Amino acid sequence: MPYRILEKRELVPNTYLMKIEAQDVAKAAKAGQFIILRIDERGERIPLTIADYDPNEGHVTIIFQIMGKTTKQLSKMSEGDSIEDFAGPLGTPSDIEKLGTVILVGGGVGIAPIYPQARAYREAGNYVISIIGARSADLLILEDEMAAVSDELYVATDDGSKGHHGFVTDIVKEILDSGRDIARIVVIGPPIMMKVAAGVTKPYGVETIVSLNPIMIDGTGMCGGCRVSVGGEAKFACIDGPEFDASKVDFDLLMSRLSLYHSEEKKSAEEYEHRCCEGECKCR
Ligand code: FAD
Ligand code: FES
Ligand code: MG
């Protein structure tokens, strides 16, 4: 069954929001889960987090950054076009309960998956402190949406063009140093950011959760592509995760496995650009 694109918007350069008509996924979705889509029958499968969902209207929102061939191809699709496969919801939902004060940290396109979590933690009765960051102010997404579901919102930019001049983890450390009682910290962003955050929070002993983004293929625990090491044990992020205790994750292994296919990905993107320029795609 094809899945229709109901809405498409470029949020910031190279990052797009799409609302997809997907009744079954929207009905079953929970914060922390993801979908795996395939644009057409010749396409590869890519995982994207469910950034929002509306069970009544029957649509799911995805937010993606252009990284290579498939995300570029997706970014060229228009409202009214259809995606061939949109499988989900996949993964174990976030374990959200009333804990007290919770810090939600999102970096770059990681703000998209942190948004439904902030909303769900708030709805569960928690006091939500959100910290979002980007390289610069013009690359920051969902600031208004995050403000609406947070009790406190802090912004950090690498270049100081908005909010704190520095990293989201600087603000996390400041809050922990202030002695406030924090029940849990959830961090989603580039692996290096999650690794740094895990190191920052460890001495304080505050439970810290990260959502891992290894290469995924089937999303059902069969292919082994998403293997990660947590507490010395092999886990499949697609079914055992994607969320894990940050203090136990081997981030170096995650990062090295993410770069395993760089030369093939580069070749695929170049071939796509070439075909695209010869008029095979819709970008003209
Ligand atoms: P490519 O050039 O093929 O790859 C670029 C890089 O992306 C690779 O080097 C590799 O590190 C990674 N990648 C490639 N293929 C995959 C794959 N099949 N699975 C995972 N990573 C891959 N990105 C977003 O922008 N928004 C999201 O909400 C989001 N949610 C994700 C949720 C999960 C559970 C996971 C595992 C990943 C998520 N990602 C998200 C990352 C996204 O899947 C990749 O950026 C995308 O697959 C890149 O595809 P590409 O063909 O455009 O780029
Ligand atoms: Fe295949 Fe997880 S994606 S086992
Ligand atoms: Mg790809």
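All values derive from a computational prediction rather than experimental measurement. Atoms within each ligand, like the ligands themselves, are counted from 1 in listed order.
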Mind checking whether [X] has an N or O less than 3.5 Å away from an N or O of ligand 1?
{"X": "Thr70", "result": "yes"}
{"X": "Lys72", "result": "no"}
{"X": "Leu258", "result": "yes"}
{"X": "Gly68", "result": "yes"}

Looking at [atom], what's its closest protein heavy atom, distance included?
{"atom": "atom 27 (C) of ligand 1", "result": "Ile63 O, 3.5 Å"}
{"atom": "atom 4 (S) of ligand 2", "result": "Gly224 N, 3.2 Å"}
{"atom": "atom 52 (O) of ligand 1", "result": "Thr71 OG1, 2.4 Å"}
{"atom": "atom 45 (O) of ligand 1", "result": "Met67 CG, 3.4 Å"}
{"atom": "atom 15 (N) of ligand 1", "result": "Glu265 OE2, 4.3 Å"}
{"atom": "atom 18 (N) of ligand 1", "result": "Met216 O, 2.8 Å"}
{"atom": "atom 21 (N) of ligand 1", "result": "Ile215 CA, 3.8 Å"}

Cut-off 3.5 Å, side chains only: do [X] and [Y] have a donor facing an acceptor?
{"X": "Tyr127", "Y": "Arg122", "value": "no"}
{"X": "Lys27", "Y": "Gln23", "value": "no"}
{"X": "Tyr121", "Y": "Glu123", "value": "no"}
{"X": "His165", "Y": "Asp159", "value": "no"}
{"X": "Ser94", "Y": "Glu243", "value": "yes"}

Below 30° counts as parallel, above 60° as perpendicular, anything between as tilted: where do the rings of Phe86 and Tyr3 land?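 Plane angle between 30° and 60°, so tilted.
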If I take atom [atom1] from residue [X] and atom [atom2] from residue [Y], how far apart are they, to the nearest 0.5 angstrom?
{"X": "Ile20", "Y": "Ser82", "atom1": "CD1", "atom2": "OG", "value": "9.0 Å"}
{"X": "Leu140", "Y": "Met146", "atom1": "CG", "atom2": "CE", "value": "10.0 Å"}
{"X": "Met18", "Y": "Glu10", "atom1": "CE", "atom2": "CD", "value": "11.0 Å"}
{"X": "Leu104", "Y": "Ile131", "atom1": "CG", "atom2": "CD1", "value": "9.0 Å"}

Is there a side-chain contact between [X] and [Y] (heavy atoms, below 4.5 Å)?
{"X": "Met194", "Y": "Phe251", "value": "yes"}
{"X": "Asp151", "Y": "Ile129", "value": "no"}
{"X": "Leu74", "Y": "Leu37", "value": "yes"}

Which pair of heavy atoms, one from Asn126 and one from Glu97, lies closest together, and at what distance?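 Closest approach of Asn126 to Glu97: ND2-O, 2.9 Å.
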Check ligand 2 against [X] and write out every atom of the ligand that is under 4.0 Å from a heavy-atom position of the residue.
{"X": "Gly219", "value": "1 (Fe), 3 (S)"}
{"X": "Ile217", "value": "3 (S)"}
{"X": "Gly221", "value": "4 (S)"}
{"X": "Cys226", "value": "2 (Fe), 3 (S), 4 (S)"}

Confirm or rule out an N/O/S atom of Glu44, from backbone or side chain, lying less than 2.8 Å from the Mg ion (ligand 3).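 For Glu44, the answer is yes, given that an N, O or S atom comes within less than 2.8 Å of the Mg ion (ligand 3).
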Thinking salt bridges, do Asp252 and Lys195 make one under a 4.0 Å N-O criterion?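 Yes.
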Does Asp240 come within less than 4.0 Å of Lys235, counting only side-chain N to carboxylate O?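 Looking at Lys235 together with Asp240, the answer is no, because their closest N to O distance does not fall below 4.0 Å.
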Have a look at ligand 2 and work out which part of Met222, if any, has a heavy atom under 4.0 Å from it: side chain, backbone, both or neither.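 Looking at Met222 and ligand 2, just backbone atoms fall under 4.0 Å.
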Would the number of heavy atoms belonging to other residues, nucleotides or ligands and lying under 6.0 Å from NZ of Lys8 be above 12?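 Atom NZ in Lys8 is packed in, count exceeds 12.
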Option of least heavy-atom distance to [atom] (set: [options]):
{"atom": "atom 25 (O) of ligand 1", "options": "Glu264, Gln65, Glu44", "answer": "Gln65"}
{"atom": "atom 40 (C) of ligand 1", "options": "Leu48, Thr61, Leu74", "answer": "Leu48"}
{"atom": "atom 46 (C) of ligand 1", "options": "Val109, Thr49, Ile46", "answer": "Ile46"}

Among the heavy atoms of Pro214, does any lie under 4.0 Å from an atom of ligand 1?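 Under 4.0 Å: yes for Pro214.
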Would Arg45 count as a contact of ligand 1 if the rule is a heavy atom under 4.0 Å away?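 Right, Arg45 reaches ligand 1.
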Tell me which N, O or S atom of Asp218 sits nearest to atom 1 (Fe) of ligand 2.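 For Asp218, the N/O/S atom sitting closest to atom 1 (Fe) of ligand 2 is OD1.
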Strictly less than 4.0 Å: does any protein heavy-atom distance to atom 34 (C) of ligand 1 fall in that range?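 Protein heavy atoms within 4.0 Å of atom 34 (C) of ligand 1 - there is at least one.
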Output yes when a protein non-hydrogen atom is found under 4.0 Å of atom 1 (P) of ligand 1, and no otherwise.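 Looking at atom 1 (P) of ligand 1, one finds that a protein heavy atom does lie closer than 4.0 Å.
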Which part of [X] is near ligand 1, with near meaning a heavy atom under 4.0 Å away: side chain, backbone, both or neither?
{"X": "Lys266", "answer": "neither"}
{"X": "Pro47", "answer": "both"}
{"X": "Ile66", "answer": "neither"}

Give the atom numbers and elements of ligand 1 that come within less than 4.0 Å of a heavy atom of Phe64.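 Within the 4.0 Å cut-off of Phe64, ligand 1 contributes 24 (C), 25 (O), 26 (N).
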Check each atom of ligand 1 against the heavy atoms of His262 and keep those under 4.0 Å away; list them by number with element.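 Near His262, meaning under 4.0 Å from one of its heavy atoms, ligand 1 has 9 (O).
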Sole candidate of Ile66, Val109, Ile111, Leu139 that passes side chain to side chain contact (heavy atoms under 4.5 Å, CB included) when paired with Thr15: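 The residue from Ile66, Val109, Ile111, Leu139 that satisfies side chain to side chain contact (heavy atoms under 4.5 Å, CB included) with Thr15 turns out to be Val109.
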Indicate if the distance from atom 2 (Fe) of ligand 2 to the nearest N, O or S atom of Cys223 falls below 2.8 Å.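 No, since none of the N, O or S atoms of Cys223 sits under 2.8 Å from atom 2 (Fe) of ligand 2.
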